[in-house]
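For reference, the structure discussed in these notes is given below.
Since the model is a prediction, treat every value here as computed from it, not as a measurement.
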Amino acid sequence: KDTYGQQVFSPEAVVQTMKLAHTMWEHAPNIIRVTVPRDGRLLVLGDTHGQLEDVLWIFFKYGVPSERNVYVFDGDIVDRGGHALEILLLLVALKRDDPKCVHIIRGNHEDETTCHMFGFRNELESKFGPSGAGGWILSMINTEVFPILPLAAVVSDEASRFKMCVLHGGIPVNVPGRNGPLLLDQLNALNRRLTTVQKDRSTMDDHVIFNVLWADPLKPGKDVNASSGRGNLFTEQDTLEFCRVNNLRALVRAHEPPSEGRGFEFLHGGKCITVFSASNYCGNYGNKGGVLICDGRSFGEHGPQPQEHMAPGWLKLSEALRAHCIFRTPASVRAQIAAQTESSDRPQAQVFQDVECYVMQLIVKHKQQLFWAFSEKDSQGNGKISRTCWKQTLASMLRDVPPVWDNLIEEWELEEPVLYVQFLHRFQIVGELKRPIDMFSAMSQLRVSISDIRADELLAGLDQDLSGTVDLQEFQQFINKWGIDIPHGQTAALYEALSLHSAGKRPVVEDILLGIALISKNPVAQPCGDAWMETAKVVGEEIAKSGQSLVSFFRRWDTDRSGFLSPTEVELALLKGLPSVGQQFSADQMQVLVHHMDAQGVANDRVSLIEFLRALGPRTLARDLSSALLGEVLKPVFQYRPTLEAIFQRLDPISSNEISLNQFIMGLDEMNR
């Protein structure tokens, strides 16, 4: 930390350079107008994400910025990679010396909230320390630089024969209070000076700015109503209408890696062009980086032309830069050297652990959505999906992640098929506790503890006041009795999950016992195969159709009042209590069904109430309860942690890592809003 500040860039030099942004963009409009030089060219770059090697390689390959070789950086300069600060300093210094040579458009990562989460904060802290200049620099950039960056650029040739709009995300659709496509004049009239766009988007201004930075184009075969966890999806018709009303030939955007490892992608009949300039994204993607070249001699007729690159590693890059001065070596020679270097270079997986950590954070954040997505693929309802299905589901829901799923299957030792509830429960949010609380393991432990206990003892233990319902205190005492030691807050969350279908009322005893029997990190035991699990489910459904609860049915046919069902009592219950079902079973099949029930706990030739409920309970209820339990107590704070950290950073301008109690409360209030 000290070395960087003393030998590379001092904090004072960084701040002094970045404050030049005021003179560059303070009075700039939301949409800047850039003309392709007639005797030169203009290059549009997409996301670079802290990959300085890509920026330097692009300058080497295509020439340094100048009035005849103009660059437009279409956002997402920061986060992910480790050299976003150097890219920012380089671009600001270039623009200081030649204001027309470089233009920067704001991306969704040039945002106070986003860059707290995805790497820029960590980069600055690693270089200057978390409690000193790193926080000070971050706060200054977040509040004084990012909010004043333009939101878009209109690029045209001198005769305006070809005009295209360059923005980071895409076209806002379904704008509150407005019909029809967005007009650029409307975008130009908004107040862009926001430190973060991660907030309520019910107003026109907030909705528009958020989606200008976050929206994605609808791709073939995708559902326009599908939620991606990002901005809105815009269709080909949206693109055509946007271009028509604004007299544009094309929309250029960045924001996401194109398909099939390319550096660019044409969509919507060629009217929507995605460009992404970070090659081998995150050190693991293996993709090419792209640029769009607008040649002054042909742009008016043919529009932008894509080119691709693969930046070499630092050793080869430094060798090329030392051996061939970027300012003196002719462009033709540099192009030849670039071609030779790229043909021999291969991407290296440098930051797999960082990608893995990022994936784990996303799994925690989207755990409930992933649970339901996995459940929809689980046609048998047995808690299992194929590894192929696992990969496809994660890839479709966690779209920011490079294709590392095969690597993660190996790293996480996922077997075929994947037990998805067990998989999701691996990823826990751990507070400042002496030990982490694993709610699924706690529930499994409780179920095992009471799996061979008499029915009357269980019912009496839960319903101490004989009201027929269970309050939180009774539930707390019950789990404590069986040695389940979890904090009161987690107990309350567990109780709330088990009360899922109580319509706001106190849950009845039977609902609590059924929930305890069904929730587990492991699937229902299947000693007799999938078919008997399905058979047991049908038996449970028939009991429900008869107007009886599973608990009352169990107690009715416990004729010897032992608190258990013997094989004979199970057979009698099915033959007399459910004759339409029982008469379908032979004596041998009846024994197999009893064995399936008995295997859900302690196999001892008798069926306990918990074993009975676990075998016959509805699978849909098991899914509902598991999903509810996945909403851990600390999840809201984790999910909005970047927002909270950004707020606290703003309340702590000297980066002391301390705020007052009142400021802490103010921060929580602002996060909730």
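Side chain of Asp598 to main chain of Asn604: a donor-acceptor pair is present (N/O by atom type, distance under 3.5 Å, no hydrogens or angles). At distances below 3.5 Å, not a single donor-acceptor pair connects side-chain atoms of Thr393 with backbone N or O atoms of Phe374. Checked by atom type and distance alone, the side chain of Asp511 never pairs as donor or acceptor with a backbone atom of Gly515 at under 3.5 Å. Although no hydrogens or angles enter the test, the distance criterion places a donor-acceptor pair under 3.5 Å between the side chain of Glu474 and the main chain of Asp471. Thr274 places no side-chain N or O within donor-acceptor distance of the main-chain N or O of Pro258, the cut-off being under 3.5 Å. A donor-acceptor pair under 3.5 Å is absent between the side-chain atoms of Arg447 and the main chain of Leu518, judged by distance alone. A donor-acceptor distance shorter than 3.5 angstrom exists from the side chain of Asp76 to the backbone of Asn108, with no hydrogens or angles considered. Of the possible polar contacts, none joining the Ser552 side chain to the Gln548 backbone as a donor-acceptor pair under 3.5 Å is found. For the pair Glu569 (side chain) and Asp560 (backbone), a donor-acceptor distance under 3.5 Å is present.
Counting heavy atoms from C-beta on, the side chains of Ile516 and Trp482 never come closer than 4.5 Å. Looking at Leu616 and Met597, their side chains come closer than 4.5 Å, going by heavy atoms from C-beta outward. The shortest side-chain heavy-atom distance between Asp206 and Val197 does not fall under the 4.5 Å cut-off. The closest side-chain heavy-atom distance from Gln584 to Pro579 is not below 4.5 Å. Contact of the Leu550 side chain with the Leu514 side chain is registered, since non-hydrogen atoms from C-beta on lie closer than 4.5 Å. Counting heavy atoms from C-beta on, the side chains of Asn232 and Asn174 never come closer than 4.5 Å. Phe478 has its side chain out of reach of Ile512: every pair of non-hydrogen atoms, C-beta onward, lies at least 4.5 Å apart. Between Ile543 and Leu578 there is a side-chain heavy-atom pair separated by less than 4.5 Å.
Of all non-hydrogen atoms in Ile450 and Ile610, the two that sit nearest each other are O-CG1, 3.6 Å. Among all heavy-atom pairs drawn from Leu267 and Pro220, the shortest one is CD2-CD, 4.3 Å. The shortest non-hydrogen separation linking Ala615 to His596 is CB-CD2, 4.1 Å. Shortest non-hydrogen contact noted between Leu613 and Ala517 is CB-CB, 3.7 Å. Smallest separation of non-hydrogen atoms from Cys389 and Ser386: N-OG, 3.0 Å. When every heavy atom of Val173 is checked against every heavy atom of His207, the shortest pair comes out as O-NE2, 2.7 Å.
A salt bridge is absent between Arg614 and Glu611; no separation between the charged side-chain nitrogens and carboxylate oxygens falls under 4.0 Å. A salt bridge links Glu265 with Lys219: at least one charged nitrogen is closer than 4.0 Å to a carboxylate oxygen. With respect to Asp456 and Arg555, no salt bridge is recorded, no charged nitrogen being found less than 4.0 Å from a carboxylate O. At a threshold of 4.0 Å, the pair Lys384-Asp378 does not count as salt-bridged, since none of the basic side-chain nitrogens sits closer than that to a carboxylate oxygen.
The distance from the NZ atom of Lys545 to the CD atom of Glu541 is 6.0 Å, given to the nearest 0.5 Å. For the atom pair CG (Leu462) and NZ (Lys481), the distance works out to 9.5 Å, reported to the nearest 0.5 Å. Note that CG of Leu414 is 8.5 Å distant from CG of Leu408, once rounded to the nearest 0.5 Å. Separating the CE atom in Met117 from the NE2 atom in His109 is a distance of 11.0 Å, to the nearest 0.5 Å. In this structure, CG in Leu574 is found 12.0 Å from CD in Gln589, a value given to the nearest 0.5 Å. How far CG of Asn122 is from NE2 of His116: 10.0 Å, rounded to the nearest 0.5 Å.
Remark: Phe585 CZ is packed, more than 12 non-hydrogen atoms of other residues, nucleotides or ligands lying under 6.0 Å away. Residue Arg387 qualifies as enclosed at atom CZ: its count of foreign heavy atoms under 6.0 Å is above 12. More than 12 heavy atoms of other residues, nucleotides or ligands sit less than 6.0 Å from atom CD of Glu416. Dense packing is recorded around CG of Asn480, with more than 12 heavy atoms of other residues, nucleotides or ligands lying under 6.0 Å away.
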Stepwise, does the side-chain contact (heavy atoms from CB on, under 4.5 Å) test hold for Asp452 with Phe564?
CA-CA 9 Å; Asp452 198 41; Phe564 303 94; 3.6 Å; yes
Verify side-chain contact (heavy atoms from CB on, under 4.5 Å) between Leu233 and Asp238, making sure each step is shown before the conclusion. CA-CA 10 Å; Leu233 293 174; Asp238 293 324; over 6 Å; no
**Asked** Are Phe234 and His268 close enough, and set up right, to give a ring pair (Phe, Tyr, Trp, His ring centres under 6.0 Å), and what steps lead you there?
**Response** CA-CA 10 Å; Phe234 58 96; His268 298 176; 5.8 Å; yes
- Query: How far apart are the C-alpha atoms of Leu459 and Leu513, what are their side-chain angles, what is the distance that settles it, and do they pass the side-chain contact (heavy atoms from CB on, under 4.5 Å) test?
  - Reply: CA-CA 8 Å; Leu459 294 168; Leu513 280 175; 3.4 Å; yes
Notebook entry, point to check: Are Leu565 and Arg606 close enough, and set up right, to give a side-chain contact (heavy atoms from CB on, under 4.5 Å), and what steps lead you there?
Noted result: CA-CA 6 Å; Leu565 293 182; Arg606 66 183 186 186; over 6 Å; no
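A donor-acceptor pair shorter than 3.5 Å cannot be found between the side chains of His255 and Asp47. Side-chain N/O atoms of Asn287 and Asn280 include no donor and acceptor closer than 3.5 Å. Side-chain polar atoms of Asp588 and Ser586 form no donor-acceptor pair below 3.5 angstrom. In this model, no donor atom of one side chain and acceptor atom of the other lie less than 3.5 Å apart for Gln198 and Thr196. Residues Ser467 and Thr469 bring a donor and an acceptor atom of their side chains to less than 3.5 Å of each other.
Relative orientation of the Trp214 and Phe210 rings is parallel, given thresholds of 30° and 60° on the angle between their planes.
Phe118 carries Arg80 over the face of its six-membered ring, with the cationic atom under 6.0 Å from the centre and within 45° of the normal.
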